[in-house]
Each structure stands twice: as C-alpha cells, then as structure tokens.
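Everything below concerns the one structure shown next.
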Amino acid sequence: LITGKKIDDEVLERLEEILIMADVGVKATDELIRQLSKMVGKNEIKDSEQLKECLKQEVLKFLKVEAPPFDTSKARPFVIMVVGVNGTGKTTAIGKMAKWFKDQGKQSILAAADTFRAAAIEQLEIWGKRAGVVDVIKSQPGADPSAVAFDAVSTAKARGIDIVIIDTAGRLHTKVNLMEELKKTKRVIGKVMPGAPHEILLVLDATTGQNAIAQTKMFNEALGVTGLILTKLDGTAKGGIVIGICHEFNIPIRFLGVGEKITDLRLFDAEEFAEALF
Amino acid sequence: SLSEKLNNIFRKLKGRGKLNEENIKDALKEIKFALLEADVNYKVVKDFLESVREKALGQEVMRSLTPAQQVIKIVHEEMVALMGGKCSEINLKGPIPVPIMLVGLQGSGKTTTCAKLARFLKNKKHRKPYLVPADIYRPAAIDQLKKLGDQIGVDVYLPTPNEDPLEICENAMKKAKMNGYDTLVIDTAGRLHINEKMMNELEIIKQRVRPREILLVADAMTGQDAVNIAKTFNEKLDIDGVILTKTEGDARGGAALSIKAVTKKPIKFIGVGEKIDALELFHPERMASRILG
Ligand SMILES: Nc1nc2c(ncn2[C@@H]2O[C@H](COP(=O)(O)OP(=O)(O)OP(=O)(O)O)[C@@H](O)[C@H]2O)c(=O)[nH]1
Ligand SMILES: Nc1nc2c(ncn2[C@@H]2O[C@H](COP(=O)(O)OP(=O)(O)OP(=O)(O)O)[C@@H](O)[C@H]2O)c(=O)[nH]1
Ligand SMILES: [Mg+2]
Ligand SMILES: [Mg+2]
C-alpha cells in the first residue's frame, strides 16, 4: 500500500489508516506515527521500505514485555485461572492448553467453574475427553464456582497432578458482583494452595475493538492478570488492540488461538505478529 | 466528552455568523477521533464526516444554539438517520411455520439470542415457536439450546446423531408442520465469513428452507472488522436484519454504525444481558448518543 513512495503526509496518512483498521486504536496509532514522523524529520528514514521496517520495530517495542516466562514446572499443581468477557473462547482455549500440556507429558485436571451458562459443564467435559485430561471436576449448575475451584485444586494436590486449569463463566468487566465472584474464586484457590493461582490468563477476542482496553484494565485491577490469550486470529481481524494493551499494562501474550480445532493454539511470536499487521 | 471538546473549538469563534470551512475543520477532527475511539470503521468515519461537513457548511448558526451545539445536532441527526430512523419489526408474514435463521461469527451470542427470540415470540407475540439446533460442530451446542428451551417452555427439535445441518432444518420444518408450531427459530454454528465451505452451508439452507428472516448476530464490542463480517454475510445471504449483542457493557458500539452503513439492513434487536429475558428492540437515537460518547 505504501511501497515505492517518498515519505510525505499522504504516506503517513495511509499508515494511520492501516494501523486504525488493524484495531491498533487512536492513542497507540498516534504515538507510533509521532515516533516515525520524528525519525522522518531527522532524515533517519529515507523511503517507504525503511518506514515499514521502523514501524515494525516500534510495534515490537510496544509488544515486548518484561515478564516471567510461562513455566508450569514452577509449582505442582500449577494452577491456571482463565477469565474474560462472554464468548471470547475461554473454554475452547482450555481444551487446547490441556492438549498442549499433555503433549509435553504433563497431566491436567480441569475445573468446570462456569456453573451459570447452559451446558458449559458438558462443553468442558467434551474438551477434557479430547485433550486426555485426568479428570474434569464439576458440581451442579448453579453451584458456587469457588467451591468447584476449591475441589479441583484440592484433588490435584492430593493426586499429585501437574496442572489445574479453571474455566470461569464469561462476564462483562462492568458487572461489579460478577467481578467480585472472580475475586472470591481467586482467594479460595489461594487458601487451598498459597501462591495459587500461578497464572491468571485473560482471553481476548481478536475481533474486539477498543473495549479490549477497558476489559484488560478491569480484570487486571480485580485479579492481577499475568498473561493474555488472543483468539480467533484465523479470521480477518488483526488483533492490533494488543499493541496498546501490552504497552500500557505490561502483560505478556502467552498464546494465540488460530482456529476451532484442539491443535489450533500457538505460542505468541512478536516478530510474526508485527509482520502480519501490514 | 465530545461536546466539551467541540465547545473549546468554537469558543474561539468571534460572534455568530455562518459555520465555515475553517471552524468546521477542527470540529471534524474531534468528531473523527470520537468515532474511531468508538470503533466505527475508518472508511465509514470518512464518509460520515463528509456528509456532516456538507450539511454543516454555510449553515447559519441558529439563535438558540452555540456553534458547537449546532454541529453536535447535525452529527447526531446524521447518525440517527444512518442507523435507520424508526424501529424495525420482525417479519412474521407468510405461511406457517415461518422460519427465522440466526447467523454470525463464533461466540457472538446466537444460541442465547435464539432462546431470547423464542421467548419474545411466545410471550410478546403469542406465537408457538420451535427451536432448531442446527450447530453440529460445537461441543454441547445442541444440549445448550435444549437447556435454554426448557427454561422458557419452548420445544426444541432433537436431531439424531447422523443428521447434518440441512437435514436438521428440513426435518424440523416437517415436525413443526405436523405439530402446529408457527415459527422456527434456527440456531446455526458460528463461522468465519471467509470460510467458503461454511458460508456455502448457509446458502444451501437458505435455498431449501427459505427463511423469512436471516438475522446477523453481531457482538457490540466488535472493532474495525465489523464491516468485513457484515459485508460478506450480507453479500452471501442478503440478510434481513441484525441483532447486536452484549450491549449492556461499556463498549461504545461503533460496530452498529459500521454494520448499518455497509449493509443498509436494519438493526432489529439488542441483547442486554446473559439472562433469557435480556432482549430489547433497537432504538437508533439511544445508540447514536452512545457512539458519540
Ligand atoms: N475461528 C475461531 N473460533 C474460535 C477460536 N477460539 C474459540 N473459538 C470459537 O468461539 C466460540 C466460543 O468459544 P467458547 O470457548 O465457548 O468461548 P467462552 O469464552 O468459553 O464463552 P463463554 O463461556 O460463553 O463466555 C466457539 O464456537 C469456539 O469454537 C479461534 O481461535 N478461532
Ligand atoms: N453480557 C451478555 N452476554 C451475552 C449476551 N448474549 C449472549 N451472551 C453471552 O455470550 C456468550 C456466547 O453466547 P452463545 O449464545 O454461546 O454464542 P454463539 O454465537 O451461539 O456461539 P457459537 O455457537 O460458539 O458461535 C455466552 O456467555 C452468553 O451468555 C448479551 O446480550 N449480554
Ligand atoms: Mg466458556
Ligand atoms: Mg452457538
């Protein structure tokens, strides 16, 4: 779209369009374009090929986060809590992760702590079977989610299971009572096992726009999010929202969801992601 | 807020007089940012600003309003006009059972909305709806619709293990005729608009079942991609309307404007919660105010 042109306002406007359409957002796009304009002003960028490369480097700076690596051998059981707004792909991501760990020789237990939505427990049980987990700990629909999480972590401790993954009901970050419910679940997990949950993963849908920022802010304030999963990147959405999010909240992207099959999970690669933006 | 920003711009306007190119330029820039932050599609914003500029240029600033209020009034009116001035009803005309089909991307809220719609048809329109679970892919999707149907006392067609989505729809249609159901609410699997095989599946169901309404179920927090999704579903299926879900959150909902601008089809309902009674009729003015922030 911009190759072969000399750098002028028109080129920078084209660049703004590309970034906005990738859901990078007004604020982050503005910061990126400002950086590039400065470099153009100092004659550090001579042509559009260089411009593209500099933009990629600036995006990488935003995406690189100083964070401890995702290392499930740090504790046993290593407890992962999966949260996010409705329909982003949490339950599916859990199935994929359980398979991922199984392939690494790790045994998992799943906790069906979405006790609200119709057939949420049944859905997780099917994924658990497909992933070959040791067990799916569940209760009745309408039961206290914290109780299910408690049972799952206790069971994993007693049986020497490597990993516990806790599925929670989707919820909008604006619903105070539902966010309190999550906080309670986190506390209860910590009571069974101090230091747990060791990872709290927020699942974001790549088709989401700027609301992803508010989602991250609220889930982070409530729980302390340690990692992101960005799903549905197999569509046409670029998921550019994570650029501003990683930069602002310093939360690393752990996995990408790239389809509906159990194997459609990738480790996040910043270089690849930045390349795919344009 | 946008009105504060516009007030600041026009504070420098000496006296009254006409809205001209110069004072409009800065105002349009502020409106552009507000709309982009609200997730309205970049190209839709460009077109929208152009129509606002045309309307605003040369207008006498009315005695009762400040220039900023004048511009906001124009923006608000343009947006309400774009969103479809009046409430659009669901089409239930024709021989029974009237089929209604819900389609859309993964996780947008189709299954839940099917149940909400069935409840609306039963309680508010006094119909006898029949829920049809045509999603054979997602784990426990049929179970999910069955459980929702049980909650509201609406019967759900139960597929046999070997039925494919087309057979499910056709057999449910036969069963509905035999048992006097007057409306079919068909739940389909979430799919990507770029998945040809899955989009073809919908086209075939459309040809054979002839739904009275094909409704695109879209998530209110969708970003720039909303135009790609809506455009493709509309081109392939000629949708009859849109249901916007998860609107009770704090997403500004610019996707509503993008979808309307690119399909010209009406938004008929909005989802306002996870509970099965959380379905409301769409009001363009309320959505316009929300997008403008
Ligand atoms: N194309 C695509 N679809 C996905 C991906 N991840 C999940 N999905 C689909 O998204 C839909 C929702 O997935 P779920 O796992 O039920 O989402 P959830 O966040 O658990 O939903 P709630 O529990 O209802 O909040 C399903 O149809 C999944 O198959 C992905 O990476 N790509
Ligand atoms: N907050 C809120 N959640 C909603 C609304 N409508 C649906 N949901 C939730 O969104 C999630 C996804 O809903 P589903 O009905 O499973 O979505 P779907 O489109 O059928 O998903 P797939 O079949 O996997 O494509 C569930 O957690 C629903 O409870 C709404 O209006 N508000
Ligand atoms: Mg789930
Ligand atoms: Mg569904």
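Each chain gets a letter, A, B and so on, in the order its sequence line appears, and its residues count up from 1.
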### Message
Less than 3.5 Å apart, any donor N or O on the side chain of B:D225 or A:T207 sitting next to an acceptor on the other?
### Response
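A:T207 and B:D225 do not have a side-chain donor-acceptor pair below 3.5 Å.
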### Query
Does the side chain of B:D250 pick up a donor-acceptor pair with the side chain of A:N211 at under 3.5 Å?
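Checked: B:D250/A:N211 side chains pair up, N/O donor to acceptor below 3.5 Å.
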Are there over 12 heavy-atom neighbours, none belonging to [X], within less than 6.0 Å of that residue's [atom1]?
X      : atom1 : result
A:K56  : NZ    : yes
A:K90  : NZ    : yes
A:N177 : CG    : yes

#### Entry: Pairwise side-chain contact, B:E274 with A:L172, heavy-atom cut-off 4.5 Å (strictly under)
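No; the side chains remain at least 4.5 Å from each other.
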### Message
Could you check whether any side-chain heavy atom of B:M221 comes within less than 4.5 Å of a side-chain heavy atom of A:V85, counting everything from C-beta outward?
### Response
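Yes, their side chains come closer than 4.5 Å.
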### Query
Can we say B:R191 and A:E260 salt-bridge, meaning some charged N sits less than 4.0 Å from an Asp/Glu carboxylate O?
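Salt bridge between B:R191 and A:E260, a charged N being under 4.0 Å from a carboxylate O: no.
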### Query
Are B:E248 and A:R171 close enough for a salt bridge, meaning some N to O gap below 4.0 Å?
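Salt bridge: no.
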In terms of heavy-atom pairs under 4.5 Å, which option from [options] contacts chain A the most?
options                : value
B:I229, B:T111, B:L192 : B:L192
B:L145, B:D219, B:D143 : B:D143
B:E37, B:R138, B:K43   : B:R138

### Query
Can you name the nearest heavy-atom pair linking A:A119 to B:A140, along with the distance?
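For A:A119 versus B:A140, the nearest heavy atoms are CB-O, 3.8 Å.
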### Task
Please state whether the side chain, the backbone, both or neither of A:A237 comes within less than 4.5 Å of a heavy atom of chain B.
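Contact with chain B involves both backbone and side-chain atoms of A:A237.
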### Task
Could you grab the distance from atom OG1 of A:T208 to atom CG of B:D39, nearest 0.5 Å is fine?
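A:T208 OG1 to B:D39 CG: 9.0 Å, rounded to 0.5 Å.
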Chain A contact via [X] - side chain, backbone, both or neither, heavy atoms under 4.5 Å:
X      : result
B:I194 : side chain
B:N228 : side chain
B:K146 : neither

Could you tabulate the donor-acceptor pairs under 3.5 Å formed by side-chain atoms of residues 17-27 of chain A, not counting sequence neighbours?
{"residue": "A:E17", "atom": "OE1", "partner": "A:R14", "partner atom": "NE", "Å": "3.4"}
{"residue": "A:E17", "atom": "OE2", "partner": "A:R14", "partner atom": "NH2", "Å": "3.3"}
{"residue": "A:D23", "atom": "OD1", "partner": "B:Q224", "partner atom": "N", "Å": "2.9"}

### Task
Would you list the pairs meeting side chain to side chain donor-acceptor pair (under 3.5 Å) in which at least one residue belongs to residues 110-122 of chain A, sequence neighbours left out?
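For residues 110-122 of chain A, and leaving out neighbouring residues, the side chain to side chain donor-acceptor pair (under 3.5 Å) pairs sorted by first residue read A:R117-A:Q123, A:E122-B:K147.
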Counting heavy-atom pairs under 4.5 Å to chain B, which of [options] comes out on top?
options                : answer
A:Q215, A:K238, A:K175 : A:K175
A:K232, A:R130, A:Q210 : A:Q210
A:I241, A:T88, A:D234  : A:D234

#### Entry: Members of residues 149-156 of chain B whose heavy atoms come closer than 4.5 Å to chain A
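Residues in range: none.
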### Query
Listed by residue number, which members of residues 102-110 of chain B have a heavy atom under 4.5 Å from any heavy atom of chain A?
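Checking residues 102-110 of chain B against chain A gives B:L105, B:Q106, B:G107.
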### Task
Could you walk me through whether A:E13 and B:K32 pass the salt bridge (Lys or Arg N to Asp or Glu O under 4.0 Å) test, one step at a time?
CA-CA 14 Å; A:E13 191 177 320; B:K32 174 182 170 190; 5.9 Å; no
